[in-house]
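Inspection log for the structure reproduced underneath, given as structure tokens.
Just the heavy atoms: all of them, side chains too, but no hydrogens, waters or symmetry mates, feed the values below. Because the structure is a prediction, the values reported are computed rather than measured.
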Amino acid sequence: MTESERTESEAPGGWDAGPGREPGARERRFDAAVRAYLERRPEATVVALGEGLGTGFWRLDNGRLNWLTVVPPETAAVRRILLPDSARRRTVARAVTDHGWLDAVREPGRGVIVTARGVLMRLPPPAVRALLAACAERFPGGALVFDAPPRRAAVRARWAGGRWPAPVRWGLDRAQLPRVAGAHPGIVAVREVGPPPAAPAAPRRTAPGGLPARLVWPVRRIPVLGALMPLVCEVRFAPAGSPRRASSAVS
């Protein structure tokens with residue numbers, strides 16, 4: 001392995017995943033969705049919206065993917081100092097709502113999966129629909145993974161401040177998942193992402209609110225409690241040349 005290959009595949013000093021930096025329960029669902037997509041499209045581009053100083057690239061890199069981190073200009077400046085760009089990993093200085101970042105995906109034909117962890121919930125509903133529609137239009141055969149609190153929790157967070165660090169403007173109930181497809185005719189599927197299989201002998205982890213992570217999914221099966229848990233969802237876009245794609249061009 002060359003020095004450049006080693007640098008690309010290893011997290012920078014001080015950023016290696018350790019006991020204090022292991023991904024949480026929700027982040028592991030995002031990782032599982034990305035890995036599943038990369039199994040089908042190993043040379044895809046992963047677009048991490050609002051990633052900040054996250055190091056998802058080093059957790060998920062298969063040696064063939066490309067990675068874009070989309071963050072506001074002030075955050076991008078800091079990220080480029082601490083995590084400089086490389087051949088397959090770049091930082092794009094754009095707001096999520098500035099759809100100019102879509103142009104930074106150089107080879108969408110190889111596949112694109114967009115992650116928006118903690119992002120859509122902070123956008124007003126029209127901006128959420130616009131983002132979903134833009135991705136569906138530009139990334140045939142792609143996918144977008146996002147999380148959202150239930151609508152009731154989103155309303156409470158708006159009025160009481162909640163436990164989120166930024167205003168919560170949008171929420172989604174499980175029963176509303178089919179409505180997400182209405183954002184664009186090119187959306188062919190919307191599904192909830194379940195937790196990946198737990199690693200044997202993994203240390204006990206705790207989800208937000210103190211609930212052990214291994215109990216989160218069973219709790220979701222209880223209607224009253226499940227309605228209070230944040231969702232992680234995957235939206236899939238029609239491939240190029242599909243009837244759904246053709247209908248979106250004339251709609």
Side-chain angles (χ1 to χ4, degrees), residues 1 5-12 15-70 83 86-92 104-120 132 135-136 139-148 177 180 187-203 205 207 213-214 216-217 220 229-239:
M1 177 182 291
E5 289 172 334
R6 185 194 63 78
T7 302
E8 184 72 14
S9 63
E10 296 179 2
W15 293 82
D16 300 273
R21 292 188 179 274
E22 291 179 357
R26 200 179 315 176
E27 193 169 7
R28 290 201 302 274
R29 295 186 198 180
F30 277 82
D31 288 358
V34 173
R35 287 191 180 101
Y37 187 87
L38 291 173
E39 287 179 2
R40 305 189 302 270
R41 311 287 292 272
E43 296 183 344
T45 297
V46 180
V47 182
L49 300 181
E51 186 185 24
L53 298 178
T55 56
F57 171 85
W58 287 275
R59 289 196 311 274
L60 299 169
D61 183 28
N62 60 3
R64 301 169 66 184
L65 62 79
N66 285 282
W67 190 281
L68 293 182
T69 295
V70 179
L83 300 170
S86 62
R88 295 187 294 108
R89 178 175 46 79
R90 292 180 291 134
T91 297
V92 179
V105 179
R106 295 169 176 169
E107 296 183 278
R110 294 180 181 269
V112 180
I113 181 166
V114 181
T115 66
R117 191 165 70 93
V119 172
L120 300 194
L132 289 169
C135 290
F139 302 142
L144 185 148
V145 186
F146 69 91
D147 57 351
L177 285 180
V180 174
I187 295 176
V188 294
V190 182
R191 72 176 186 97
E192 183 176 0
V193 179
R205 300 191 59 84
R214 63 186 174 82
V216 171
W217 191 249
R220 288 178 180 275
M229 301 295 293
L231 299 175
V232 176
C233 304
E234 181 186 42
V235 180
R236 295 184 179 180
F237 309 134

Side chains of L177 and C233 in contact at under 4.5 Å (non-hydrogen atoms): yes
Candidates V119, V235, V47 - the one meeting side chain to side chain contact (heavy atoms under 4.5 Å, CB included) with V114: V47
Separation between CZ of R110 and OG1 of T45, rounded to the nearest 0.5 Å: 9.0 Å
Criterion side chain to side chain contact (heavy atoms under 4.5 Å, CB included) against F30, the qualifying member of L60, I113, V145: V145
Considering all heavy atoms, the nearest G109-R41 contact: O-NH2, 2.9 Å
T55 side, atom OG1; W67 side, atom CH2 - distance, nearest 0.5 Å: 9.0 Å
Sequence-distant partners of R106, salt bridge (Lys or Arg N to Asp or Glu O under 4.0 Å), two or more places apart: none
Exercise: identify the closest heavy-atom pair between P140 and P239: CB-C, 4.0 Å
Minimum side-chain heavy-atom gap F57-V46 below 4.5 Å: no
Result of checking R117, R26, R29 against D147 for salt bridge (charged side-chain N to carboxylate O under 4.0 Å, His left out): R26
Whether R88 side chain and D61 backbone form a donor-acceptor pair below 3.5 Å: no
Smallest separation among heavy atoms of A136 and I187, with atom names: CB-CG1, 4.0 Å
Side chain to side chain contact (heavy atoms under 4.5 Å, CB included) evaluation trace for V188 with F237: CA-CA 6 Å; V188 294; F237 309 134; 5.9 Å; no
Straight-line distance of R89 CZ to L83 CG, nearest 0.5 Å: 6.0 Å
For G52 against T69, the heavy-atom pair lying closest together: O-CG2, 4.3 Å
L144, V34, L49 screened by side chain to side chain contact (heavy atoms under 4.5 Å, CB included) with T115, the one that passes: V34
Heavy-atom side-chain proximity of E107 to E43 below 4.5 angstrom: no
For F139 against P108, the heavy-atom pair lying closest together: CD2-CB, 4.2 Å
Where P42 and E39 come nearest, the two heavy atoms and their spacing: CD-O, 4.3 Å
